[in-house]
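We count ligands from 1, going down the list as the structure has it; atoms in each ligand are counted the same way. Note that the numbering runs from 1 along the sequence shown for the chain. For clarity, every value in this text was computed on a predicted model and none was experimentally measured.
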Amino acid sequence: MSHTPTRADFDQYMVPNYSPQQVIPVRGEGSRLWDQQGREYIDFAGGIAVNALGHCHPALVEALTAQANTLWHLSNVYTNEPALKLAKALVERTFADKVFMCSSGGEANEAALKLARRYAHDHHGEHKDKIISFRQSFHGRTFFTVSVGGQPKYSQGFGPVPGGILHAEFNDLESVRQLVGDDTCAIMVEPMQGEGGIVPATPEFLSGLRELCDEHDALLIFDEVQTGVGRSGKLYAYMHYGVTPDILTSAKSLGGGFPVGAMLTTDAIAPSMGIGTHGSTYGGNALASAVALAAVETIDTPEVLEGVQARHELFRELLESINRKHEVFKEVRGMGLLIGAQMSDAWEGRAKDILPLAIEEGLMALIAGPNVLRMAPSLVIPDADIREGMARLERAVERLVSQG
Ligand SMILES: *Cc1c(COP(=O)(O)O)cnc(C)c1O
């Protein structure tokens with residue numbers, strides 16, 4: 001007799017580091033999901049900004065199954081065609097000349113930080129080791145990346161943190177000027193803070209960071225794990241700002257749901273990651289690369305990218321219309337299809353209370369911190385699904401307001 005898994009199995013068998021919702025989705029298509037009972041949901045969460053083409057997009061299914069019937073994995077003792085095609089596609093579409101592949105955003109950031117340290121060591125000497133990042137930032141869960149991240153709760157209780165890391169205020173150049181110096185090795189920043197509450201950088205801030213890095217021979221690292229691969233309405237968010245980093249990291253949407261990450265850099269910097277300095281068993285895995293190539297080629301087209309901008313407008317308009325009736329939000333912000341609605345003072349800290357109500361109404365959404373309702377749907381979500389999802393969100397908000 002086969003046992004149908006239940007939510008209680010989570011508590012029995014899984015390490016308790018997550019607290020998943022009660023429903024267990026079993027199937028997805030486009031921007032819809034169905035649970036074990038056959039109940040249907042509209043997906044505004046997108047696997048936390050991962051399922052950039054929704055669920056089971058035909059181009060990704062085709063790339064995955066074709067590769068699955070050909071070759072899965074070789075290790076980096078050999079290279080493989082899908083990895084080479086993906087690297088070329090990323091280089092041709094961005095500032096970068098060279099790519100390092102891995103399997104997650106945290107791993108891409110770990111590589112970026114190690115490369116920056118190594119580059120400074122090779123070119124300037126050991127004293128140049130300071131990394132500046134920002135409060136509320138999020139860069140992953142490895143011990144180096146949680147320490148660089150600006151949320152102390154994620155590194156507390158794990159013993160001595162890696163040294164040489166300084167935190168400034170996001171969107172406040174003066175706070176960076178106070179920390180930057182000739183011992184600065186790199187500045188790491190998200191062009192739009194994701195987990196920290198969907199806060200876009202101002203253009204002056206990013207161009208100011210570029211200038212400070214140039215002045216002090218420091219590398220500028222953009223963490224585009226959440227904002228990258230079409231999410232912002234351009235292939236990468238830096239393209240909106242006209243500010244070019246030295247190193248950029250990408251994951252989440254890059255695989256459209258298949259685990260993959262990449263670190264992009266230039267010919268000048270890449271040699272510091274010489275033979276044997278760094279690696280990853282799964283980096284450049286053939287299955288992952290084949291899916292990521294299909295995702296990049298499908299997303300980086302005028303139709304899809306312009307569609308992201310049009311959908312952004314529709315999201316904004318519908319959120320603002322909900323708000324005119326119920327006044328739960330203080331501000332709607334974001335770029336492309338990474339949208340945050342900050343709760344009003346009266347509803348301070350209550351964003352998470354919307355999520356279970358939304359699920360009961362058939363909508364999956366996200367939060368970014370206690371105060372921001374976050375949406376990161378498929379980049380090709382149909383307008384009809386946006387409107388239906390928003391009608392469900394409105395019912396959830398009505399219930400929140402009537403419950404108080
Ligand atoms: C999600 C995220 C990460 C971590 O990615 P993982 O794949 O979970 O390791 C890093 N940086 C940003 C900006 C993210 O949003």
CA sep, side-chain torsions, deciding dist, call: Tyr18, Phe10, ring pair (Phe, Tyr, Trp, His ring centres under 6.0 Å): CA-CA 9 Å; Tyr18 304 115; Phe10 179 91; 7.1 Å; no
Asp129: partners by side-chain contact (heavy atoms from CB on, under 4.5 Å), with sequence neighbours left out: Arg117
Residue pair Gln36 / Thr4, side-chain donor-acceptor N/O under 3.5 Å: no
Non-neighbouring partners of Asp35 that pass side-chain contact (heavy atoms from CB on, under 4.5 Å), sequence neighbours left out: Val23, Gln37, Arg39, Tyr41
Within the protein, residues bringing a heavy atom under 4.0 Å of ligand 1, chain by chain: Ser104, Gly105, Gly106, Asn109, Phe138, His139, Gly140, Glu190, Asp223, Val225, Gln226, Lys252
Any pair counted as side-chain hydrogen bond (donor to acceptor under 3.5 Å, both in side chains), so long as it reaches residues 254-263, sequence neighbours left out: none
Aromatic ring pairing Tyr119/His124, orientation class (parallel under 30°, perpendicular over 60°, tilted between): perpendicular
